Amino acid sequence: MLDIKFVAQNLDVVRAALADRGGKADLSAFEKSDAGRREVLSEIEALRHQRNVVSEEIARMKKAGENAEDKVLRMREVSNRVKELEKDLSVHEAAVREILMGLPNLPHASVPVGKNEEDNTLVKRQGAAPEFAFAPAAHWDIGEALGILDFDRAARITGARFPLYLGAGARLERALINFMLDIHTCEHGYKEVLPPFIVNRQSMTGTGQLPKFAADLFKLEGWDYFLVPTAEVPVTNIHQGEVLDEAALPIRYTAHTPCFRSEAGSYGKDTRGLIRQHQFNKVELVKFSAPETSYDELETLLANAETILARLGLAYQVITLCTGDLGFSAAKTYDIEVWMPAQGVYREISSCSNFEDFQARRADIRFKRKGKKGTELVHTLNGSGLAVGRTVAAILENFQQADGTVVIPEALRPYMGGMERLTAAERAS
RNA sequence: GGAGAGGUGGCCGAGCGGCUGAAGGCCCCGCUCUCGAAAAGCGGUAUCCUGGCUAAAACCGGGAUCGUGGGUUCGAAUCCCACCCUCUCCGCCA
């Protein structure tokens, strides 16, 4: 959420930023509701002031044994009037809030202006894409041939877009999760957390998924609870409503969770394989930072995520999302895209964002500076470190061999009981 | 699921119709003392909204906030109702 005062005083700035994002905002409605809100509020406050003063008089008179009946009667009317006005006020407040909750974050000055993903800018490319003497197979064909992925049975169990890992495939997924968590906790200074996978409406609103993107979420029937679409939601909300110590910042958390997404509107996209599933695993990185260092924290967050790909020996590129491609809550986002040989493209495997105070304002996460009065909103950041299913897909495609086996990256072998290669040997059925 | 107890400031904790934005303590920040520190003493220390002043603050005025939302009342942290959460006991259970 943007700061209501900032919006009111910088309508043109907000309008321009929204235009850069490719949206249009009905800020005239905001102006009108906010003006109405202030007007009614000042009238209410004047009446309440009167009531407070006279009520005190009444107390004094009653104590002195005097008759205060006329004042009581007058204040009864004032109170009724206040009640009426309060109804007006809540209408205005709801209108302002609704508009404000629907406004996306303002892009940071360093974000390139652009219409869509074609205008994203390349930051760098790392690692060499493997060369094949044969036509590289798609990861779903490799996985099915090895007997470690079974999409048909997954569809029987649940439906389309659910994964079933078997044998070494299941172990590979688990190995990656442990590998990533170990690096982030032991080498990058993140604290491991294991949060709830189901969250309430407030948490979803705090990080920005609600109220606007309910269609992307799985909701529990009979409950006002939702399956997490990313660990960002439960982990960022760890400190919801808190005032943090300046000395405690930056706070860094890493968490593995399954992620559940309805993928509404993506029919026909990435229908095969592990790329776009309703359920997938992800190791997430979340930071709470002081405002002045949050962009430095974004750079290290990105570097922390990149480390995983580098250790696995996967080629990747980093791009900066342009204004038109930026997510709702983000002020700046880097995507890391891993090389996928079968399709010959780089595919998103991590997304690292600084939300500045946008989520902190919604979730009410503040901090106090030593020796200073008052509190300030923290900056929140997060990034995938990494999407595990897509990492499996990348490993299968990048390290496939002519004989159909897949070489396991060396860094991962300790987590695979020393296994060096995925073969069809253990295929059971 | 049944019975009971409770949710108050950064933290602990008193208050149970008006003198309470809230005692007391802790933390934190100034000052005194000290070569310095500790201890002790003195003072200060919630958040949000709104108006004035301002380049912006500081500052000043007003309002709101004692789990959340309603209600009673001239007046509610205090009384009533609903909901949420926590704890204890019983039942059930991985």
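Since the structure is predicted, the reported quantities are computational estimates derived from the model, not experimental observations. Lettering follows sequence order; numbering is per chain, from 1.
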Is any NZ, NE, NH1 or NH2 atom of the basic residue among [X] and [Y] found under 4.0 Å from an Asp or Glu carboxylate oxygen of the other?
{"X": "A:Glu263", "Y": "A:Arg276", "value": "yes"}
{"X": "A:Glu242", "Y": "A:Arg366", "value": "no"}
{"X": "A:Arg38", "Y": "A:Asp34", "value": "yes"}
{"X": "A:Glu66", "Y": "A:Arg60", "value": "no"}
{"X": "A:Asp119", "Y": "A:Lys115", "value": "no"}

**Message:** Taking 4.0 Å as the cut-off, does a side-chain nitrogen or oxygen of A:Ser79 come that near to OP1 or OP2 on B:rG75?
**Reply:**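 The answer is yes; a side-chain N or O of A:Ser79 sits under 4.0 Å from OP1 or OP2.
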
**Request:** For B:rC74, take OP1 and OP2 only and decide whether either is under 4.0 Å from a side-chain N or O of A:Lys83.
**Result:**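 For B:rC74, neither OP1 nor OP2 has a side-chain N or O of A:Lys83 closer than 4.0 Å.
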
Measure the distance from [atom1] on [X] to [atom2] on [N] and round it to the nearest whole Å.
{"X": "A:Leu89", "N": "B:rA64", "atom1": "CG", "atom2": "C1'", "result": "11 Å"}
{"X": "A:Glu376", "N": "B:rA57", "atom1": "CD", "atom2": "P", "result": "14 Å"}
{"X": "A:Leu73", "N": "B:rG75", "atom1": "CG", "atom2": "P", "result": "12 Å"}
{"X": "A:Asp364", "N": "B:rU68", "atom1": "CG", "atom2": "P", "result": "12 Å"}
{"X": "A:Lys71", "N": "B:rG75", "atom1": "NZ", "atom2": "C1'", "result": "15 Å"}
{"X": "A:Leu41", "N": "B:rC48", "atom1": "CG", "atom2": "P", "result": "16 Å"}
{"X": "A:Arg76", "N": "B:rG75", "atom1": "CZ", "atom2": "P", "result": "9 Å"}
{"X": "A:Gln9", "N": "B:rU54", "atom1": "CD", "atom2": "C1'", "result": "13 Å"}

**Prompt:** Who pairs with A:Phe358 by ring pair (Phe, Tyr, Trp, His ring centres under 6.0 Å), at least two apart in sequence or on another chain?
**Reply:** A:Phe328

**Request:** For A:His278, enumerate each residue passing the ring pair (Phe, Tyr, Trp, His ring centres under 6.0 Å) test, keeping only those at least two apart in sequence or located in another chain.
**Result:** A:Phe162, A:Phe218

**Distance in Å, A:Thr333 OG1 paired with A:Leu326 CG, rounded so as to fall on 0.5 Å steps** =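 Output value for this atom pair is 4.5 Å.
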
Near RNA chain B, under 4.0 Å by heavy atom, which residues of [range]?
{"range": "residues 43-68 of chain A", "answer": "A:Glu45, A:Arg48, A:His49, A:Arg51, A:Asn52, A:Ser55, A:Ile58, A:Ala59, A:Lys62, A:Lys63"}
{"range": "residues 96-106 of chain A", "answer": "none"}
{"range": "residues 235-242 of chain A", "answer": "none"}

Nearest-Å distance once atom [atom1] is located in both [N] and [M]:
{"N": "B:rC42", "M": "B:rU50", "atom1": "P", "result": "40 Å"}
{"N": "B:rG62", "M": "B:rG21", "atom1": "C1'", "result": "15 Å"}
{"N": "B:rA55", "M": "B:rG69", "atom1": "P", "result": "39 Å"}
{"N": "B:rA40", "M": "B:rC59", "atom1": "P", "result": "30 Å"}
{"N": "B:rG17", "M": "B:rA76", "atom1": "P", "result": "14 Å"}
{"N": "B:rA64", "M": "B:rG70", "atom1": "P", "result": "15 Å"}
{"N": "B:rA5", "M": "B:rA94", "atom1": "P", "result": "31 Å"}
{"N": "B:rU73", "M": "B:rC80", "atom1": "C1'", "result": "12 Å"}

**Message:** Checking salt bridge (charged side-chain N to carboxylate O under 4.0 Å, His left out) between A:Glu57 and each of A:Lys71, A:Lys63, A:Arg51, A:Lys62, which is the one that passes?
**Reply:**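 Filter result, single survivor: A:Lys71.
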
**Prompt:** Judged by modelled atom types alone, do A:Arg21 and A:Thr323 share a side-chain donor-acceptor pair under 3.5 Å?
**Reply:**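 No, because no side-chain N or O of A:Arg21 sits under 3.5 Å from a partner of the opposite role on A:Thr323.
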
**Message:** What I want to check is whether the side chains of A:Glu397 and A:His139 have a donor and an acceptor closer together than 3.5 Å.
**Reply:** yes

With heavy atoms under 4.0 Å as the rule, sort [X] into base, sugar-phosphate or nothing.
{"X": "A:Arg38", "value": "sugar-phosphate"}
{"X": "A:Ser42", "value": "nothing"}
{"X": "A:Arg37", "value": "sugar-phosphate"}

Side-chain ([X]) to main-chain ([Y]) donor-acceptor, under 3.5 angstrom:
{"X": "A:Thr271", "Y": "A:Gly268", "result": "no"}
{"X": "A:Arg390", "Y": "A:Leu274", "result": "no"}
{"X": "A:Lys287", "Y": "A:Glu297", "result": "yes"}

**Asked** Out of B:rC49, B:rG10, B:rG51, which nucleotide sits closest to the side chain of A:Lys5?
**Response** B:rC49

**Prompt:** Of all the nucleotides listed (B:rU47, B:rC85, B:rU72), which has the minimum atom distance to the side chain of A:Tyr225?
**Reply:**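 From the listed options, B:rC85 comes nearest.
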
**Prompt:** Is it true that the NZ or CZ of A:Lys191 lies under 6.0 Å from the centre of A:Tyr253's six-membered ring and within 45 degrees of the ring axis?
**Reply:** no

**Request:** Apply ring pair (Phe, Tyr, Trp, His ring centres under 6.0 Å) to A:Phe288 and A:His239, showing your working.
**Result:** CA-CA 9 Å; A:Phe288 301 81; A:His239 295 298; 5.0 Å; yes

**Asked** Where each pair must be Watson-Crick or G-U wobble with both distances under 3.5 Å, what dot-bracket representation of RNA chain B is obtained, with crossing pairs in [ ] and other-strand partners as |?
**Response** ((((((((.[[[..)..(.....]]].(((((.......))))).(((((((......))))))).[[[[[..)....]]]]])))))))....

**Message:** Closest-nucleotide mapping onto RNA chain B: is A:Val72 or A:Lys87 further toward the 5' terminus? I mean the 5' end.
**Reply:** A:Lys87

